[in-house]
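So the structure is just underneath, and the comments pick up after that.
Numbered from 1 within each chain, the chains take letters A, B, ... in sequence-line order.
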Amino acid sequence: MKIVTWNINGVRARIGNLTHWLTESAPDMVCLQEIKSVDELFPRAEIEALGYNVETNGQKSFNGVAILSKLPFDEVNRGLPGDDADDHARFIEGVFSTDQGALRVASLYLPNGNPIDDERKFSYKLAWMARLERWAEERLRLEEALVLAGDYNVIPEPADARFPENWLGDALFQPRTRQAFRRLKNLGFTEAVRSVTDSAGVYTFWDYQAGAWQKNNGIRIDHLLLSPEAANRFSSASVEKHVRAWEKPSDHVPVAIELSLRPA
DNA sequence: ATGCCACAGAAACTGTGA
C-alpha cells in the first residue's frame, strides 16, 4: 500500500496538477495539507472519478487538510483534541480495514510558528505540538498500524536544510521546535525517510522566492511517522521531487511510503 | 532590514505562508 503526504498549497488552484499526479503516481492513500478551501468548494468529483474516497477538514482561505483513499473509510475524526478554542483546520484522521487489522492515518498541518517573538504564533506552534504528543501517546496504546503524515513545519536536523545557518532564527529550526519533534518521535515512532537514508540533501520544500528551486535551496519539513506496527510493514520511502519542476507547482513535493498491507 | 512569489478573498489591496 502506497501512502503519500503532500502540502498542495491550494487544491483548487492545483486540481489539474493533482489529478495528473494521482494518475502517474497511483497512490492508495493521500494526505493533503493547505487545501485552502471550505469543504463545499473542494473539487471532490474530479478525485472521486479516479476511484478515491474523499474526506476533508477545510476552512476559508487558509489551512485545511484532507485524506484521499482507495480504501473506504471506517471512521473519520476531524480536529486535534486538547483545545476547544483552536479553530484552525489542521488535522483529520481516518481508520481503514486491512488484512493486518486496522490502519489509522492522520493528515496534519502543523503551525508555521513565525515570527518566534510573536507569542500568538510561536507558542501556538509549541502548544499544538504538545497536544499532538498527548494524542499520539494515546493512539499508540491501541497498538495499530498508525501513520502520522503531514507538513510538520519542522527541520529536524542541520542535514535537512541546504543552508541551516539561514534558519537559526526561524520557528522551523528552533531548539524547542526540534526538541518537541524528537519528543514525539521518541514515543516510539519511526521516521520513514530517515530510516532508509542518512543522506543530506533530501528536501521536500523549496520556496517560490529568490530562485530557491533552481539553486536547490531546500528544506525537509514533510514527514511520515510510523507506529511500531506500521514500521514493521514498511519497505521503502521516496520523495517525488520531479513534481516541483511542473507548471504552477506547489512549493512542497509528495513524500511516499510503501507498507505491506492489503485491503481487508 | 526587507522583498523576492503565490494563494484566497475581497477588491486592486491585505493576510498568510516558510
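Atom C1' of B/dA1 sits at a distance of 30 Å from the matching atom of B/dA11, rounded to the whole Å. Only the P atoms considered, B/dG3 is 15 Å distant from B/dT16, to the nearest whole Å. Taking the C1' atom of each, B/dG15 and B/dA10 are spaced 11 Å apart, rounded to whole Å. To the nearest whole angstrom, the two C1' atoms, one in B/dT2 and one in B/dA12, are 23 Å apart.
Note on A/N153: only backbone sugar-phosphate atoms sit closer than 4.0 angstrom, heavy atoms only; bases stay farther off.
The interatomic distance linking A/D118 (CG) with B/dT16 (P) rounds to 10 Å, in whole Å. In this structure, A/K215 places its NZ atom 15 Å from P of B/dC4, rounding to the nearest Å. The separation between A/H223 atom NE2 and B/dA18 atom C1' is 13 Å, rounded to whole Å. As a whole-Å value, the separation of A/L110 CG from B/dG17 P is 12 Å. As rounded to whole Å, 15 Å separates atom P of B/dA18 from atom CG of A/N217. Atoms CG (A/N166) and P (B/dC4) sit 19 Å apart, rounded to a whole Å. Rounded to whole Å, atom P of B/dC5 lies 16 Å from atom CD of A/E247. One atom, CG of A/D207, and another, P of B/dG3, lie 14 Å apart when rounded to the nearest Å.
Pairs passing the ring-ring contact (aromatic ring centres under 6.0 Å, His included) check and including a residue from residues 149-185 of chain A, sequence neighbours excluded, read A/Y152-A/F181, A/Y152-A/H223, A/F181-A/H223. For residues 227-264 of chain A, the ring-ring contact (aromatic ring centres under 6.0 Å, His included) pairs, not counting sequence neighbours, are A/H20-A/W246, A/F205-A/H252, A/H242-A/W246. Applying the ring-ring contact (aromatic ring centres under 6.0 Å, His included) test to residues at least two apart or on different chains, the pairs with a partner in residues 67-116 of chain A are A/F73-A/F96, A/H88-A/Y124, A/F91-A/W135.
For A/N112 and B/dA18, the shortest distance from a side-chain N or O to OP1 or OP2 is below 4.0 Å. In this model, the phosphate group of B/dA18 is approached by a side-chain N or O of A/Y109 to a distance below 4.0 Å at OP1 or OP2. In this model, the phosphate group of B/dG17 is approached by a side-chain N or O of A/K121 to a distance below 4.0 Å at OP1 or OP2.
A salt bridge links A/R220 and A/E191; the closest N-O separation between the charged side-chain nitrogens and carboxylate oxygens is under 4.0 Å. Between A/E157 and A/K185 there is no salt bridge, since none of the side-chain N atoms of the basic residue sits less than 4.0 Å from a carboxylate O of the acidic one.
A/K70 forms a cation-pi arrangement with A/Y52, by the criterion of a distance under 6.0 Å to the ring centre and an angle within 45° of the ring axis.
Judged as a side-chain hydrogen bond (donor to acceptor under 3.5 Å, both in side chains), and not counting sequence neighbours, A/N153 has no contacts. Scored by the salt bridge (Lys or Arg N to Asp or Glu O under 4.0 Å) test, A/R134 finds no partners at all (sequence neighbours excluded).
Shown here, B/dA12 is classed syn by the O4'-C1'-N9-C4 or O4'-C1'-N1-C2 angle, which is within 90° of 0.
Nucleotides of DNA chain B nearest to A/D151 and A/A210 differ in position, and the one nearer the 5' end is that of A/A210.
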Atom pairs under 3.5 Å: protein N/O with N/O of nucleotides 6-8 of chain B:
| residue | atom | partner | partner atom | Å |
| --- | --- | --- | --- | --- |
| B/dC7 | OP1 | A/R14 | NH1 | 3.2 |
| B/dC7 | OP1 | A/K248 | NZ | 3.2 |

